[in-house]
Amino acid sequence: MLSQPAAQLLEQLAAEGVSPWLLATGAREILPASPSCRAAALLRGAVAPAADPAAVRRACDALWGAFAASGGLQGRVSVPVDPRSAHDASALVAAARTASGEVGRPNLLIRVPATTAGLSAMADCLAMSISVDADLVFSTERYEEFLDAYLTGMERALAAGRPLGRITAAASVPVGVLDAEVDRRLPESATPAGPAAGLRGTAAVALARQLHRLREQRLSGDWWRVLRAAGAEPPLLVWTGVGPWHVGELVGWNTAQAASLEVLEAAGARGGLRGDTLLNAHGEARRAWEALEGLGIRMRDVARDLEAAELSRLRQAWPFTS
């Protein structure tokens with residue numbers, strides 16, 4: 001059952017162009033078996049763990065109303081392929097094709113790691129009309145590579161005569177993991193009045209604002225205008241692993257926030273939103289980034305280490321043997 005404050009928060013997010021997604025943990029039932037009618041109506045997507053195709057189909061069907069009503073812009077379910085193939089583009093493409101065929105739902109998103117091989121696989125999948133969620137984006141450099149792969153895949157789909165409006169691409173940014181790692185690396189001797197004190201919990205929002213700006217810049221180019229005229233939709237930015245304090249700080253057009261019901265309840269109790277917090281905030285974000293670098297936090301190193309650590313964790317947690 002979703003409380004009134006949490007339901008109001010989801011309505012406010014939707015009004016700001018933010019899709020509220022459920023960060024699911026159950027592999028047998030991705031979405032709550034008996035959610036309140038209001039909760040079911042307000043959720044606009046799900047990030048699921050590895051699950052049986054039948055469970056994924058049920059989740060896709062549960063979100064079909066949102067998918068159909070939005071013309072395919074919402075109501076997506078993101079499911080992973082085997083992370084043990086994170087550096088094998090051919091294996092990732094084969095796994096994506098298999099999963100897409102087994103589930104057989106147009107609102108399915110195939111989640112691949114945003115490694116070099118993963119982004120190559122993403123371009124191949126988009127060219128075949130397989131929608132993709134590229135996970136583990138921890139840097140502006142990796143997001144630029146994602147945008148390159150997105151444009152390449154969509155250009156190939158257009159050349160093949162595929163309807164671009166049916167293809168979705170998303171980049172997922174694990175904001176909770178990023179903030180925790182950066183905070184861990186800040187000087188332990190920081191005092192409440194020290195230079196590091198005001199930087200705790202700022203890395204993820206700073207990155208989000210820079211990625212939002214990058215997307216704006218890239219979608220102003222000539223090739224994007226060609227793709228848009230052919231029906232393509234802008235790639236989605238998905239903030240995953242959000243904490244209650246992130247919800248009000250990651251508000252911007254064509255984004256999604258993936259959170260557990262518990263986080264949504266806690267965020268609802270904190271009060272309402274204060275409008276778009278990403279648009280035209282890249283200057284402030286860049287200053288926060290530079291301040292972290294000034295304290296010895298090498299953000300490229302953070303991104304590299306987090307990608308490796310998260311891939312290791314996902315490989316160990318993968319439930320299937322083949």
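Heavy atoms only: backbone and side chains are in, while hydrogens, waters and symmetry mates are out.
- Expressed to the nearest 0.5 Å, how far CG of Leu119 lies from CZ of Phe146 amounts to 8.0 Å.
- Judged by distance alone, the side chains of Glu249 and Thr277 never bring a donor and an acceptor atom under 3.5 Å apart.
- One distance of note links OG1 of Thr168 with CG of Asn107; it measures 9.5 Å at 0.5 Å rounding.
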For this session: Test side chain to side chain contact (heavy atoms under 4.5 Å, CB included) on Thr202 and Val182 and set out the steps.
Result: CA-CA 9 Å; Thr202 64; Val182 172; over 6 Å; no

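- Within a 6.0 Å sphere centred on CZ of Arg228, heavy atoms belonging to other residues, nucleotides or ligands number more than 12.
- Considering Val242, Leu10, Leu42 in turn, Leu10 is the only one that fulfils the side chain to side chain contact (heavy atoms under 4.5 Å, CB included) rule with Leu264.
- The two residues Gly26 and Pro49 make their nearest non-hydrogen contact at O-CG, 3.8 Å.
- In the hydrophobic clustering of this structure, Trp21 does not group with Val112; members are Ile, Leu, Val, Met, Phe, Trp, Tyr whose side-chain heavy atoms approach within less than 4.5 Å, directly or through other members.
- Classification of Arg28 and Asp52 as a salt-bridged pair fails, no side-chain N sitting under 4.0 Å from a carboxylate O.
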Exercise. Going through the checks in order, is the side chain to side chain contact (heavy atoms under 4.5 Å, CB included) test met by Glu141 and Arg300?
Worked result: CA-CA 9 Å; Glu141 293 81 9; Arg300 287 191 179 186; 3.2 Å; yes

Show every donor-acceptor pair shorter than 3.5 Å between a side-chain atom in residues 91-101 and any protein atom, with sequence neighbours excluded, or say none if there are none.
{"from": "Thr98", "atom 1": "OG1", "to": "Ala94", "atom 2": "O", "distance (Å)": "3.0"}

Problem set entry | Pair Arg156-Asp124, salt bridge (Lys or Arg N to Asp or Glu O under 4.0 Å): steps then yes or no | CA-CA 8 Å; Arg156 289 168 55 192; Asp124 289 345; 2.8 Å; yes

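- At distances below 3.5 Å, at least one donor-acceptor pair connects side-chain atoms of Thr115 with backbone N or O atoms of Ala86.
- Under the 4.5 Å side-chain criterion, counting only non-hydrogen atoms from C-beta, Leu147 is in contact with Pro235.
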Problem set entry | salt bridge (Lys or Arg N to Asp or Glu O under 4.0 Å) evaluation trace for Glu145 with Arg142 | CA-CA 5 Å; Glu145 293 170 2; Arg142 188 50 54 92; 2.8 Å; yes

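- Note: Glu290 CD to Leu295 CG = 12.5 Å, rounded to the nearest 0.5 Å.
- Using cut-offs of 30° and 60° on the angle between ring planes, the pair Phe67 and Trp64 is tilted.
- The minimum heavy-atom distance between Val238 and Ala170, with the atom names listed, is CG2-CB, 4.0 Å.
- A donor-acceptor pair under 3.5 Å is formed between the side chain of Arg57 and the backbone N or O of Glu102.
- By the 4.5 Å heavy-atom criterion applied to side chains, Leu164 and Leu227 are counted as neighbours.
- Partners of Ser172 under the side chain to side chain donor-acceptor pair (under 3.5 Å) rule, at least two apart in sequence or in another chain, are Asp133.
- Under the 4.5 Å side-chain heavy-atom criterion for Ile, Leu, Val, Met, Phe, Trp and Tyr, Val251 and Leu73 are members of distinct hydrophobic clusters.
- Within a 6.0 Å sphere centred on CZ of Arg304, other residues, nucleotides and ligands contribute more than 12 heavy atoms.
- Between the CD atom in Gln210 and the CZ atom in Arg286 there is a gap of 5.0 Å [rounded to 0.5 Å].
- Nearest heavy atoms, Pro234 versus Leu219: CB-CD1, 3.6 Å.
- Taking 4.5 Å as the limit, some side-chain heavy atom of Arg225 sits within range of a side-chain heavy atom of Asp222.
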Exercise. Run the side chain to side chain contact (heavy atoms under 4.5 Å, CB included) check on Leu108 and Val56 step by step: do they pass?
Worked result: CA-CA 8 Å; Leu108 175 70; Val56 179; 3.7 Å; yes

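- Note on Leu136 and Leu23: separate hydrophobic clusters, where clusters join Ile, Leu, Val, Met, Phe, Trp and Tyr whose side-chain heavy atoms are under 4.5 Å apart, directly or indirectly.
- The shortest distance between side-chain heavy atoms of Val247 and Leu13 falls below 4.5 Å.
- Here the side chains of Val103 and Val79 are not in contact, with every heavy-atom distance at 4.5 Å or above.
- Legend: residues meeting salt bridge (charged side-chain N to carboxylate O under 4.0 Å, His left out) with Glu284, ordered by chain and number and at least two apart, are Arg209.
- Not a single donor-acceptor pair under 3.5 Å links the side chain of Thr152 to the backbone N or O of Ala149.
- Looking at Glu233 and Arg166, no side-chain N of the basic residue comes within less than 4.0 Å of a carboxylate O on the acidic one, giving no salt bridge.
- The shortest side-chain heavy-atom distance between Tyr150 and Met122 falls under the 4.5 Å cut-off.
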Exercise. Are Asp305 and Arg298 close enough, and set up right, to give a salt bridge (Lys or Arg N to Asp or Glu O under 4.0 Å), and what steps lead you there?
Worked result: CA-CA 11 Å; Asp305 295 347; Arg298 300 292 176 253; over 6 Å; no

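- Judged purely by distance below 3.5 Å, without hydrogens or angles, the side chains of Glu216 and Ser220 never pair a donor atom with an acceptor atom.
- Within the 3.5 Å criterion, the main-chain N or O of Ala48 finds a donor-acceptor partner in the side chain of Arg111.
- Residues Leu237 and Tyr143 form a side-chain contact, since some pair of their non-hydrogen atoms from C-beta on lies under 4.5 Å apart.
- Rounding to the nearest 0.5 Å gives a distance of 8.5 Å between CG of Leu109 and SG of Cys60.
- Scanning both residues, Met299 and Ala203, for their nearest heavy atoms gives CE-CB, 4.4 Å.
- Residues Leu314 and Val132 share a hydrophobic cluster, clusters being chains of Ile/Leu/Val/Met/Phe/Trp/Tyr side chains in contact below 4.5 Å.
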For this session: Would you sort out whether Val263 and Leu261 count as a side chain to side chain contact (heavy atoms under 4.5 Å, CB included), showing the intermediate values?
Result: CA-CA 5 Å; Val263 165; Leu261 292 177; over 6 Å; no

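- Scanning both residues, His87 and Leu311, for their nearest heavy atoms gives NE2-CD1, 4.0 Å.
- Electrostatic pairing of Glu310 and Arg313 counts as a salt bridge here, judged by a charged N lying under 4.0 Å from a carboxylate O.
- Smallest separation of non-hydrogen atoms from Arg315 and Pro83: NE-O, 3.5 Å.
- No continuous path of ILVMFWY side-chain contacts below 4.5 Å connects Val175 to Leu236, so the two sit in separate hydrophobic clusters.
- Separation of atoms CZ (Arg215) and CD (Glu144) is listed at 14.5 Å; rounding is to 0.5 Å.
- Exactly one of Thr140, Val302, Asp179 qualifies for a side chain to side chain contact (heavy atoms under 4.5 Å, CB included) with Leu207. That residue is Thr140.
- A 4.5 Å side-chain heavy-atom check between Arg218 and Leu151 finds at least one atom pair inside the cut-off.
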